[in-house]
Amino acid sequence: MKCLVINLDRSRDRLAHMTAEFASLGVQFERVAAIDAQDRPDLARMPLRVKRKSLLRLTDAEIACLLSHKACWAIIAAGDDDYGAVFEDDIVFSAKAGALLADAGWIPADADIVKLETFFKKTTIARKHVSAGPGFSVSRLHRIHIGTAGYIVSRQAARDLINATEDIGIPVDHVVFNPGLATSSSKTIYQLVPALCVQDQFLGDKAIGLPSLLKSERSDQWAAIGMVKRHKKTGANKIRTEVKRIVEQIFDICRLRQETIIPFDYRGERVRPPHTQRRENAL
């Protein structure tokens, strides 16, 4: 299984980081030059034809990110392997990741996509799980779990994603992992438990300092248009949200699904979700 790492030409420090990460696992990787929004002023003029709920246009960096992932999908789609793994260059691996990246035999036969990372947000997976090697298992992913810093995609799914993103307008993590969109709901997606990797920004005091470039640009855009603070929900909206949540919980129980936060083990320790750690520190 080919491992592809998306990396900007100007991010040599991140390439050095990923080289060390893969060396520690004893696994080879192939660098894919990321599309750099700084070198592509045309991205700001690119027509975004896909209708979105958000009032915000994709930032240039988000468009570049999607195009970079499409470059990886093209490599996998044209290759001979049944599956390929795609990584962004700000992740850290679990110490046990090497065995899973060296052999694709653990991947379920019906899998189109396997999410390898955790975003430390609640999501819903099937209670049924299948062993994926010592200490790991895979379960069907049934709710949104954003983030495309680490995932495996089949050759056919890579072709489908390329065709589905001819019109650009939705961030790549929603294209792949938001079941509210046809690009994701039409795929059989699994979640690896615990996660194989996580973005460095979520490691708290263990982080080495690789901030999300997309997050900072999106924050700047929100601030520029005066939308930093979220609008308060009306009473009716709160009621509808709560009713929907209860209905989904009942549905998930009947379908043998569970709501959970996907864990991650780093250097022999279980990494806690950032918001949980903050609460514990305040006590």
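The first residue in the sequence is number 1, and the count goes up from there. Computed from a predicted model, the values in this text were never measured in an experiment.
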Derivation of the side chain to side chain contact (heavy atoms under 4.5 Å, CB included) call for T260 and V193 = CA-CA 11 Å; T260 187; V193 183; over 6 Å; no
I75 with V114, same ILVMFWY side-chain cluster at under 4.5 Å = no
query = NE2 of H129: more than 12 outside heavy atoms within 6.0 angstrom?
reply = no
query = Does T124 reach the main-chain N or O of R143 with its side chain, forming a donor-acceptor pair under 3.5 Å?
reply = no
Please list, one pair per line, the donor and acceptor atoms closer than 3.5 Å that link side chains of residues 76-87 to other protein atoms, with sequence neighbours excluded.
from, atom 1, to, atom 2, distance (Å)
Y83, OH, P108, O, 3.4
Y83, OH, A111, O, 2.8

message = Could you check whether any side-chain heavy atom of I152 comes within less than 4.5 Å of a side-chain heavy atom of L116, counting everything from C-beta outward?
response = yes
message = Strictly distance-based, threshold 3.5 Å: is any side-chain N or O of D200 a donor or acceptor partner for the main-chain N or O of L210?
response = yes
inquiry  = Minimum heavy-atom separation for A126 and Q258, please, with both atom names.
reply    = O-NE2, 4.2 Å
ask   = Has Q156 got more than 12 heavy atoms of other residues, nucleotides or ligands less than 6.0 Å from its CD?
value = yes
Verify same cluster id: I6, V27 (apolar side-chain graph, 4.5 Å) = no
query = With side chains defined as the heavy atoms from C-beta onward, is the minimum distance between I261 and F120 less than 4.5 Å?
reply = yes
remark   = When every non-hydrogen atom of L161 is compared with those of V175, the smallest separation belongs to CD2-CG1, 4.0 Å
query = Are the side chain of K115 and the backbone N or O of G147 linked by a donor-acceptor pair below 3.5 Å?
reply = yes
Lys/Arg-Asp/Glu bridge criterion (N-O < 4.0 Å) met for D112, K187 = no
ask   = Would you say H69 and E88 make side-chain contact, with heavy atoms under 4.5 Å?
value = yes
request  = Only counting residues at least two apart or in another chain, list the ones meeting side-chain hydrogen bond (donor to acceptor under 3.5 Å, both in side chains) with E21.
outcome  = none
message = Going by the rule side-chain hydrogen bond (donor to acceptor under 3.5 Å, both in side chains), which residues pair with R31 if we only count those two or more places apart in sequence or in a different chain?
response = N7, D9
key: Partner residues of D110 under the side-chain hydrogen bond (donor to acceptor under 3.5 Å, both in side chains) criterion, sequence neighbours left out   = Y190
query = With respect to I125, which candidate in Q191, E259, H142 satisfies the side chain to side chain contact (heavy atoms under 4.5 Å, CB included) definition?
reply = Q191
task = For D36, check side-chain hydrogen bond (donor to acceptor under 3.5 Å, both in side chains) against everything at least two apart and list the hits.
result = R10
request  = Might you point out which heavy atoms bring F202 and V271 nearest each other, and give the distance in Å?
outcome  = O-CG1, 4.2 Å
inquiry  = Under 3.5 Å, is there a donor on one side chain and an acceptor on the other for H145 and E117?
reply    = no
message = In the structure I gave you, are the side-chain heavy atoms of I144 and P179 within less than 4.5 Å of one another anywhere?
response = yes
inquiry  = I want to check something: taking the side chain as every heavy atom from C-beta on, are S131 and F136 in contact at a cut-off of under 4.5 Å?
reply    = no
Taking only distance into account, with no hydrogens and no angle test, what donor-acceptor pairs under 3.5 Å do side-chain atoms of residues 92-104 form with protein atoms, sequence neighbours excluded?
from, atom 1, to, atom 2, distance (Å)
S94, OG, K96, N, 3.3
D103, OD1, G105, N, 2.9

query = If every non-hydrogen atom of S154 is compared with every non-hydrogen atom of A157, which pair is closest and at what distance?
reply = OG-N, 3.0 Å
request  = Please confirm whether K206 makes a cation-pi placement over Y266, using NZ or CZ under 6.0 Å from the six-membered ring centre and within 45° of the ring normal.
outcome  = no
key: Heavy-atom side-chain proximity of S68 to V32 below 4.5 angstrom   = no
task = Test Q38 against L8 for side chain to side chain contact (heavy atoms under 4.5 Å, CB included), laying out the working first.
result = CA-CA 10 Å; Q38 292 188 5; L8 291 166; over 6 Å; no
ask   = Hey, is CZ on R270 packed in by over 12 heavy atoms from elsewhere, all under 6.0 Å?
value = yes
ask   = Would F119 end up clustered with I91 when hydrophobic side chains under 4.5 Å apart are linked, directly or stepwise?
value = no
inquiry  = Within the 4.5 Å heavy-atom criterion, are V176 and I189 side-chain neighbours or not?
reply    = no
task = Of all the heavy-atom pairs spanning D60 and L43, show the shortest one and how long it is.
result = O-CD1, 3.6 Å
task = Using a 4.5 Å cut-off on heavy atoms from C-beta on, say whether the side chain of T165 contacts that of W73.
result = yes
